[in-house]
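These notes are about the structure you will find just below.
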2 protein chains.
Amino acid sequence: MEFEQLADVLKALGDTTRLKIVALLNIRDCCVCELVPLFGISQPAVSKHVSRLKSVGLVKETRKGMWVFYSLNKEKLKEIGFALTQLPDLTNELKQLEKKGLLVKCQSRS
Amino acid sequence: MEFEQLADVLKALGDTTRLKIVALLNIRDCCVCELVPLFGISQPAVSKHVSRLKSVGLVKETRKGMWVFYSLNKEKLKEIGFALTQLPDLTNELKQLEKKGLLVKCQSRS
DNA sequence: TCTAGAAATAACAATATGGTTATATTGTTG
DNA sequence: CAACAATATAACCATATTGTTATTTCTAGA
């Protein structure tokens with residue numbers, strides 16, 4: 001996974017409210033009206049949080065009449081956890097820089 | 001791991017520059033003067049990014065004469081990846097709310 | 001002790017974030 | 001169609017974030 005993409009998802013997860021929403025959706029699907037009273041913030045605020053999670057692919061929505069049920073994309077969450085253990089390998093990039101003499105090594109190195 | 005703590009670390013990782021720094025430190029320790037030319041931002045900017053990673057425990061520093069070498073806390077990074085697969089279980093909290101009649105269920109539920 | 005290099009801190013500017021209230025949209029129902 | 005419920009969007013505000021330049025701190029060495 002690319003750095004920017006991964007950083008975007010991590011940033012989306014890097015908020016207590018959104019992280020709790022994700023943990024809740026991990027137990028069961030919820031609609032916005034169920035989430036609102038749990039967080040002590042306004043309905044639009046919850047709506048925006050959920051929307052942000054959706055925009056990075058962590059959450060899917062299903063309309064059921066008046067309600068929109070949000071569910072966790074568990075595969076995506078697993079992917080992210082895995083990506084942290086397998087960060088993009090920059091070894092080749094570093095070697096490229098070294099070839100071009102662009103890799104700075106500070107004087108303390110042998 | 002608590003939600004706020006976890007969210008703080010994820011937020012620290014949720015920035016392209018910091019994520020790349022982490023990936024670099026995953027290969028080898030670096031001092032600030034080596035990182036600066038790789039990112040096209042000023043030395044104080046890099047210093048602040050590294051400092052932020054340090055403040056959430058992702059990075060450790062070792063002074064070697066004039067230089068400060070930063071190294072990745074690989075255990076911590078693993079922990080975070082694992083925490084995403086084992087998010088704090090809110091089942092009990094939900095049951096507590098249910099007992100007290102504070103758990104809202106929207107009308108679409110049976 | 002004086003100078004120079006590496007890194008950190010301070011002060012500031014531009015933009016992003018996360019909340020609010022008000023309003024629009026979408027779907028249900030009388 | 002009118003009225004209402006659930007969400008989404010718009011406009012706005014306060015604060016946080018991320019960068020800058022200038023300055024300070026810490027260490028090494030002449």
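Just so it is clear: chains get the letters A, B, ... in the order the sequence lines come, proteins before strands, and each one is counted from 1. Worth saying up front: this structure is predicted, and the values here are computed from it rather than measured.
OP1 or OP2 of D:dG19 has at least one side-chain nitrogen or oxygen of B:H49 nearer than 4.0 Å. In this structure, A:R63 does not reach the D:dA6 phosphate: none of its side-chain N or O atoms is under 4.0 Å from OP1 or OP2. Residue A:Y70 places no side-chain N or O under 4.0 Å from the OP1 or OP2 atom of D:dA6. OP1 or OP2 of D:dT17 sits under 4.0 Å from a side-chain N or O of B:K11. For the pair A:S47 and D:dA8, the criterion of a side-chain N or O lying under 4.0 Å from OP1 or OP2 is met.
The side chain of A:E61 sits closest to D:dA8 out of D:dA8, C:dA8, C:dG18. The side chain of A:W67 sits closest to D:dT7 out of D:dT20, C:dT20, D:dT7. With C:dG27, C:dT17, C:dA7 as the choices, the nucleotide that has an atom nearest any side-chain atom of B:C33 turns out to be C:dA7. Of the candidates C:dG18, C:dA8, D:dT17, C:dG18 carries the atom nearest the A:R52 side chain, counting heavy atoms from C-beta on. Closest approach to the B:M66 side chain among C:dG5, D:dG19, C:dA7 is made by C:dG5 (side chain taken as heavy atoms from C-beta onward). The side chain of A:C31 lies closest to D:dT7 when the candidates are D:dT18, D:dT7, C:dA8. Comparing C:dG18, D:dT17, D:dA8 against the side chain of A:D15 picks out C:dG18 as the nearest.
Atom NZ in A:K64 sits about 17 Å away from atom C1' in D:dT7, given to the nearest Å. The distance from atom CG of B:D8 to atom P of D:dA16 is 13 Å, rounded to the nearest whole Å. The CG-C1' distance, from B:L19 to D:dT17, rounds to 17 Å in whole Å. When rounded to the nearest whole Å, the span between CZ of B:F39 and P of D:dT20 equals 13 Å. If you measure from atom NZ of A:K54 to atom P of D:dA8, you get 7 Å, rounded to the nearest angstrom. Per the geometry, CZ belonging to A:F69 stands 12 Å off P belonging to D:dA8, to the nearest Å. When rounded to the nearest whole Å, the span between CD1 of A:I41 and P of D:dT7 equals 14 Å. The distance from atom CG of B:L10 to atom P of D:dT17 is 14 Å, rounded to the nearest whole Å.
Put simply, the side chain of B:E34 gets close to the backbone of B:C31: a donor and an acceptor are under 3.5 Å apart. Formation of a donor-acceptor pair under 3.5 Å by the A:N73 side chain with backbone atoms of A:V59 is not found in this model. Of the possible polar contacts, none joining the A:R52 side chain to the A:K54 backbone as a donor-acceptor pair under 3.5 Å is found. In this structure, A:K20 contributes its side chain and B:F3 its backbone to no donor-acceptor pair below 3.5 Å. Side chain of B:R18 to main chain of B:A12: a donor-acceptor pair is present (N/O by atom type, distance under 3.5 Å, no hydrogens or angles).
When each of A:G65 and A:S42 is assigned the nucleotide of DNA chain C with its nearest heavy atom, A:S42 is the one assigned upstream, toward the 5' end. Closest-nucleotide positions on DNA chain D for B:P44 and B:K48 were compared, and the one nearer the 5' end corresponds to B:K48.
B:K74 places a side-chain heavy atom less than 4.5 Å from the side chain of B:N26.
Counting distance only, with no hydrogens placed and no angle test, the side-chain atoms of A:Q43 and the base atoms of D:dA8 include a donor-acceptor pair under 3.5 Å.
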